[in-house]
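First the proteins, then the strands, lettered A, B, ... as listed; each starts at 1.
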There are 4 protein chains.
Amino acid sequence: MAIRSEQSRLAILQATIRLLDEREHGSMSVQQLSIERIAREAGVSKATIYRWWSSKAALIIDTFLENHITSTTIKEDLPAIEALKEHAISLAQVYSGHEGALMAQLIAESQYDEATLADFKKSFFLPRREMINAVIRRAMEEGAIRDDLDINQVAEHIYSPIYFRLLFKEGSLDRDATGLSFDITMQGLKPS
Amino acid sequence: MAIRSEQSRLAILQATIRLLDEREHGSMSVQQLSIERIAREAGVSKATIYRWWSSKAALIIDTFLENHITSTTIKEDLPAIEALKEHAISLAQVYSGHEGALMAQLIAESQYDEATLADFKKSFFLPRREMINAVIRRAMEEGAIRDDLDINQVAEHIYSPIYFRLLFKEGSLDRDATGLSFDITMQGLKPS
Amino acid sequence: MAIRSEQSRLAILQATIRLLDEREHGSMSVQQLSIERIAREAGVSKATIYRWWSSKAALIIDTFLENHITSTTIKEDLPAIEALKEHAISLAQVYSGHEGALMAQLIAESQYDEATLADFKKSFFLPRREMINAVIRRAMEEGAIRDDLDINQVAEHIYSPIYFRLLFKEGSLDRDATGLSFDITMQGLKPS
Amino acid sequence: MAIRSEQSRLAILQATIRLLDEREHGSMSVQQLSIERIAREAGVSKATIYRWWSSKAALIIDTFLENHITSTTIKEDLPAIEALKEHAISLAQVYSGHEGALMAQLIAESQYDEATLADFKKSFFLPRREMINAVIRRAMEEGAIRDDLDINQVAEHIYSPIYFRLLFKEGSLDRDATGLSFDITMQGLKPS
DNA sequence: CGATAAACGAGACGGTACGTCTGGTCTTGTG
DNA sequence: CACAAGACCAGACGTACCGTCTCGTTTATCG
């Protein structure tokens with residue numbers, strides 16, 4: 001039989017994170033990063049990587065998951081609106097650094113491959129959305145958000161300005177700007 | 001002396017648009033597209049391409065400009081809010097087709113190169129934003145939009161849901177969905 | 001592991017010999033011959049050639065070795081002087097054809113690269129010189145050649161007129177001319 | 001009208017000699033030297049070079065001629081044999097330095113182009129041979145060399161060991177070695 | 001003296017090749 | 001039988017030259 005080598009798996013993931021690391025020699029972009037290089041760096045055969053990951057993007061997504069990257073908690077004890085606001089602000093702050101660049105590059109890669117986009121959404125979006133949707137639902141119950149809207153569309157309105165700024169490097173991702181943006185959005189979402 | 005050959009310039013731009021074209025043999029993505037291939041297809045030396053364009057992305061941007069891609073007009077005779085809405089809807093519709101995919105790929109490329117992002121914004125964003133900003137300003141004067149906000153931020157709120165849907169292929173870009181989304185945003189932007 | 005492909009090796013050597021062949025389409029010179037072309041002709045990746053040969057010249061030398069080019073036997077049963085003469089004459093005759101041109105081009109290439117010269121001498125010169133030196137030694141013992149000279153210098157005097165004519169295409173390389181030249185040289189080498 | 005520009009001609013020749021110069025940045029070989037580079041270095045259009053020289057080799061030959069390279073005088077007041085010996089020795093000494101390398105490279109280039117070989121012989125060989133032939137004739141008259149031989153063949157025997165050593169970098173080109181070699185050759189050429 | 005014709009610099013152009021890199025696949029031998 | 005090691009074909013990378021070809025711009029002769 002010969003089971004999958006955990007040692008190789010880890011070596012590959014660690015080589016990947018090391019090559020993407022901001023403090024290293026130049027910190028490669030996702031585009032510059034090559035399977036070839038990762039294999040060399042990890043002391044692993046290229047075939048082993050291809051055996052277990054379908055694409056460079058899939059490997060990078062796994063690397064992110066393994067390294068608990070870009071997780072933001074939601075404070076359950078606050079009023080729903082404020083919990084959402086805190087979440088938005090902390091997400092924006094995470095995105096203003098190196099992890100934001102990586103996230104932007106993953107979104108970029110997703111434009112070239114359906115499967116990558118699907119994988120990306122499954123791994124990052126849906127889990128987070130489930131959490132956030134619960135809070136949105138709570139806000140609807142609290143009467144702070146219109147309850148005649150699709151929940152996903154509400155989430156979209158909350159997130160989209162943050163991703164816009166991330167991808168276009170336009171406007172700030174700091175606390176104040178994100179808070180103001182959130183308030184405007186909420187003004188549009190509250191019941192009339 | 002030795003003037004640039006218009007013939008070569010056109011051959012290059014046309015070969016590029018042809019290779020990116022949706023109806024052709026597979027319709028290459030921006031990533032798959034190579035300078036090598038464009039040169040071969042255009043019957044042109046690679047050096048000629050490198051002489052005039054600093055990167056593949058720069059060439060593609062020029063190709064877009066040359067082909068009047070993704071231009072949407074603004075109806076000046078409507079009330080400002082309705083002009084904005086029409087603009088948003090027609091932009092979303094353009095983005096729901098092949099041109100949307102190309103636009104998404106250009107945004108993707110911009111994540112890997114500062115210069116590309118700058119070029120991209122200069123060529124597509126700023127011109128459009130100038131137009132839209134005038135309408136936003138008119139809406140402020142008409143009292144339909146809060147006049148205490150930065151105009152760019154207002155534009156951001158109008159655009160960001162569209163780009164979110166474009167990039168994440170989540171939610172629809174059709175007339176109804178875009179209209180609803182726009183209405184929500186406007187609700188947040190109108191004076192209290 | 002991953003052993004060298006004998007199939008590729010042969011394809012490369014055969015493509016090389018084919019391209020250099022006198023009967024083919026123009027018969028390329030060593031200078032005109034390109035790694036690119038050989039790879040294309042052999043149906044082989046350029047990298048495979050670069051992996052195993054350090055330069056075009058090294059590849060051509062191997063091609064020669066593989067094809068038993070320019071080997072001339074020495075008749076052991078003749079008196080030493082006559083064996084040497086026969087050898088000189090047959091070498092000159094070989095050099096008067098296509099193989100002479102290739103040899104001249106290899107000498108030419110050697111002027112531009114130390115390693116090529118060394119490789120060339122190791123592969124062609126030294127083996128032949130060992131054979132010839134034995135005969136020269138026999139001639140010295142037979143009293144036909146001065147035995148106070150360095151053997152290499154004796155060999156040099158025998159060979160140099162042939163290479164002179166080869167490289168300068170001056171004078172003939174036929175049996176009579178080479179024989180006469182050899183006799184003159186021998187007159188200078190015999191004991192006084 | 002419009003006569004050839006002496007200024008350009010000189011700039012080209014000087015750029016060439018400078019690029020080939022041993023003291024400069026790496027001292028390019030004839031092979032590495034490119035028309036492109038010479039033109040750039042000379043501040044001259046490529047076309048101007050192509051207008052006046054048929055090949056790189058032709059240009060280099062002209063450069064040599066212009067710079068009185070590798071000229072060796074013959075002492076008329078010595079006995080013919082000694083004049084020849086002095087000539088051979090001083091030629092070998094010239095060839096043991098940078099000029100020898102250039103000469104070797106010109107011989108190399110000549111292997112790839114008939115016209116270059118012809119030009120090379122016409123510019124360097126024949127003039128020198130006329131001088132040397134006169135001395136050989138004198139040696140014949142003095143009874144020091146067999147007078148039943150073709151003069152060119154005599155010259156060949158005198159020169160060939162020197163070129164052999166130059167091209168194969170085998171054996172020395174110093175005074176003693178060249179002198180010994182010359183003596184051996186002369187022993188073969190003197191009347192019996 | 002002014003027309004004109006060649007020579008010139010500048011450099012764009014289509015090509016060809018360079019040597020390196022990566023993508024994926026396949027093979028061989030080890031643990 | 002998963003793995004490392006790495007060979008293999010394919011093909012793109014960006015650069016360097018090739019030799020040809022406009023371009024204006026001198027520059028000298030000739031009408």
> In whole angstrom, what separates A:W53's CH2 from F:dA2's C1'?
Replying inline: 14 Å
> So, for D:S27 and D:D21, which heavy atoms are closest and what is the spacing to 0.1 Å?
Replying inline: CB-O, 3.0 Å
> Do C:E66 and C:R9 sit within salt-bridge range, that is, some charged N less than 4.0 Å from a carboxylate O?
Replying inline: yes
>> Rounded to whole Å, how long is the line connecting atom CD1 of D:I49 with atom P of F:dC18?
In response: 9 Å
> Can you check the B:R9 CZ to E:dC13 P distance for me, whole Å?
Replying inline: 11 Å
> Can a cation-pi geometry be assigned to B:R4 and B:W52, taking NZ or CZ under 6.0 Å from the six-membered ring centre and within 45° of the ring axis?
Replying inline: yes
> Do side-chain atoms of B:Q105 reach the backbone of B:Q31 as a donor and acceptor pair under 3.5 angstrom?
Replying inline: no
> More than 12 heavy atoms of other residues, nucleotides or ligands under 6.0 Å from CD of B:Q7: is that the case?
Replying inline: no
> For D:I12 and E:dC8, what is the distance between atoms CD1 and C1' respectively, to the nearest whole Å?
Replying inline: 10 Å
> Taking CD1 from C:I38 and P from E:dC18, how many angstroms apart are they, rounded to a whole number?
Replying inline: 8 Å
> Has D:R51 got a side-chain N or O lying under 4.0 Å from the OP1 or OP2 atom of E:dA7?
Replying inline: no
> Does A:W52 place a side-chain N or O at less than 4.0 Å from the phosphate oxygens OP1/OP2 of F:dC3?
Replying inline: yes
> Minimum heavy-atom separation for D:Q32 to D:M28, with atom names?
Replying inline: OE1-CA, 3.4 Å
> For F:dA7, does either OP1 or OP2 sit under 4.0 Å from a side-chain N or O belonging to C:S8?
Replying inline: no
>> Using whole Å, what does the distance between atom P of nucleotide F:dT27 and atom CD of D:E6 come to?
In response: 16 Å
> Taking CD1 from B:I3 and P from F:dT25, how many angstroms apart are they, rounded to a whole number?
Replying inline: 11 Å
> Do other residues, nucleotides or ligands put more than 12 heavy atoms under 6.0 Å from the CD atom of A:E6?
Replying inline: yes
> Taking the side chain of C:V44 as its heavy atoms from C-beta onward, which of E:dT28, F:dC9, E:dC13 lies nearest to it?
Replying inline: F:dC9
Taking N or O atoms only and anything under 3.5 Å, show me the protein contacts with nucleotides 20-22 of chain E, one pair per line.
residue, atom, partner, partner atom, Å
E:dT22, OP2, A:R40, NH2, 3.4

> Quick one: B:Q31 CD to E:dG23 P, roughly how many Å, whole number?
Replying inline: 11 Å
